[in-house]
Amino acid sequence: MSEGKDMSFLGHIGELRGHLIRSILAIVVAAFIVGFNINWIMDHIFFGPTRNGFPTFKIVNHFSRMILGEDSIHLPKDFPVRASKLYQQFNVMMAVSIFGGIVAAFPYIVWELWRFISPALHPKERKNSIFIINSVWILFMTGVLCGYFLILPFAINFGVIFKISDIIVPLYDLSDYTTLFLQVILGMGVIFLFPVLIYFLTNIGILTPAFMRTYRRHAIVLIMVVAAIITPADVLSMMMAALPLLLLYEFSILMCAYTYKKVQKNSGNLPTVQN
């Protein structure tokens, strides 16, 4: 985009195609790296939250021993998983590889997006856009880590310890576990981009801090619904998902207030005090 705003529509399309191709290649390369190391990744990362030695369980049990004198979380030694279909393991490998490729390449994908839009921005806008672009991948990665270390372990713990009869022998389906893994982690990664959405909606005049504060109770209900969707049916994992989302909403109000004040200042109006 060396010609900036004077570039033709077809020129923009060609430039966008180049960025998309490089982004896809980055995903493919990262997915191949994940696939090449699939055995280690499955054993240590994918099935990590099913073991008592997982960092989250260690921290919880550490404080549990301090307060209660015993561990509050103790998973069975074995986590039996079955593959009931002929190509199920191959399909899971492909899903994990592609998902891992997207997560690993996400900062680069965001950088390619910024490279595409930055030539059309004014110097001041370009300076602000660097902050937004970095916020996108940082928030996404924070959501992924939150889902992996905070929500997924408790969801698995509930599913493992919940019993309706001692006669039933647990045997977990590989695809079912994979769906839970990707649903929780990818869902949290996407949801953590909420402050970025708030920033843009405030910039174009759709949202105000007063509006977000007024409808805080409605937002809490919506957050609980979203938490129930991205987690299993148990209350504990739903609450573990809702807590960071509630904090994220409060952070989004601060983001909205800061952005709204800047918009008012740039438009020549005195910033309105939001109660």
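- Here the side chain of T178 pairs no donor or acceptor atom with the backbone of V92 at under 3.5 angstrom.
- In terms of heavy atoms, Y108 sits closest to A26 at CD2-CB, 3.5 Å.
- Distance check, rounded to the nearest 0.5 Å: CZ of F251 to CZ of F192 gives 10.5 Å.
- Each of F47, Y148, F79, F46 was scored for a ring-ring contact (aromatic ring centres under 6.0 Å, His included) with F54, with one residue passing: Y148.
- Inter-residue side-chain proximity for H19 and L113 is flagged as unmet; no heavy-atom pair is nearer than 4.5 Å.
- Looking only at atom types and distance, the side chain of Y177 has no donor-acceptor partner in the side chain of D173 under 3.5 Å away.
- Distance check, rounded to the nearest 0.5 Å: OG of S97 to CD1 of I27 gives 13.0 Å.
- In the hydrophobic clustering of ILVMFWY residues, with side-chain heavy atoms under 4.5 Å counting as a link, F181 and I102 come out apart.
- Proximity of W111 to I133: side-chain heavy atoms (C-beta onward) are nowhere separated by under 4.5 Å.
- When all heavy atoms are compared, the tightest approach of F194 to S252 is CD2-OG, 3.2 Å.
- Following chains of ILVMFWY side-chain contacts shorter than 4.5 Å, one can reach Y215 starting from I253, so the two form part of one hydrophobic cluster.
- Inter-residue side-chain proximity for Y258 and T202 is flagged as unmet; no heavy-atom pair is nearer than 4.5 Å.
- Taking both residues in full, the closest heavy atoms of P80 and P170 are given as CG-O, 3.3 Å, listed atom of the first, atom of the second, then distance.
- Within the 4.5 Å cutoff, the side chain of L174 has heavy atoms near those of the Q89 side chain.
- To the nearest 0.5 Å, atoms CG (L248) and CD (E250) are separated by 10.0 Å.
- Side chains of F99 and V34 form no contact here, defined as non-hydrogen atoms less than 4.5 Å apart.
- Of all heavy-atom pairs between M255 and P195, the closest is CG-O, 4.0 Å.
- Remark: side-chain polar atoms of Q264 are not paired, donor with acceptor, to backbone N or O of Y260 under 3.5 angstrom.
- Looking at Y249, its side chain does come within 3.5 Å of a backbone N or O of M212 through a donor-acceptor pair.
- Contact check for T142 versus I138: side-chain heavy atoms found under the 4.5 Å cut-off.
- A donor-acceptor pair under 3.5 Å is absent between the side-chain atoms of H62 and the main chain of K58, judged by distance alone.
- Side-chain atoms of D176 never come within 3.5 Å of backbone atoms of Y172 as a donor-acceptor pair (strictly under, hydrogens ignored).
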### Message
Before you tell me yes or no, could you show the steps for I168 and K163 under side-chain contact (heavy atoms from CB on, under 4.5 Å), namely the whole-Å CA-CA distance, both residues' side-chain angles and the distance that decides it to 0.1 Å?
### Response
CA-CA 8 Å; I168 299 174; K163 287 185 178 182; over 6 Å; no

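- Counting only distance, with no hydrogens or angles, the side chain of N157 and the backbone of L75 share no donor-acceptor pair below 3.5 Å.
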* To do: Take T56 and F154, measure what side-chain contact (heavy atoms from CB on, under 4.5 Å) needs, and give me the verdict at the end.
  => CA-CA 9 Å; T56 303; F154 292 100; 3.9 Å; yes

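- Atoms CZ and CG, on F211 and L201 in that order, are 10.0 Å from each other to the nearest 0.5 Å.
- Residues A241 and L245 come closest through the heavy atom pair O-CG, 3.1 Å.
- Both I45 and M141 belong to a common hydrophobic cluster when Ile, Leu, Val, Met, Phe, Trp and Tyr are linked at side-chain heavy-atom distances under 4.5 angstrom.
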| message | One pair to check against side-chain contact (heavy atoms from CB on, under 4.5 Å): M188 and I151. What are the steps and the verdict? | response | CA-CA 9 Å; M188 289 300 294; I151 301 172; 3.4 Å; yes

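- Looking at I220 and L246, their side chains come closer than 4.5 Å, going by heavy atoms from C-beta outward.
- For the residue pair E70/S64, the side-chain donor-acceptor check at 3.5 Å is not satisfied.
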Worksheet item: What do the steps show when you test D71 against F57 for side-chain contact (heavy atoms from CB on, under 4.5 Å), and what is the final call?
Response: CA-CA 9 Å; D71 292 344; F57 297 144; over 6 Å; no

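- For P49 against P153, the heavy-atom pair with the smallest separation is CB-CA, 4.3 Å.
- Residues M239 and M224 have side chains in contact (heavy-atom distance under 4.5 Å, counting atoms from C-beta outward).
- Here the CG-CZ distance, from L20 to R17, works out to 10.0 Å after rounding to the nearest 0.5 Å.
- Atom CD1 in I156 sits 11.5 Å away from atom CD1 in I73 (nearest 0.5 Å).
- Hydrophobic clustering (side-chain heavy atoms under 4.5 Å, transitive across Ile, Leu, Val, Met, Phe, Trp, Tyr) groups L152 together with L145.
- Side-chain heavy atoms closer than 4.5 Å link hydrophobic residues (I, L, V, M, F, W, Y) into clusters, and following such links, even through other members, never connects V221 to L243.
- Side-chain atoms of Q183 come within 3.5 Å of backbone atoms of I229 as a donor-acceptor pair (strictly under, hydrogens ignored).
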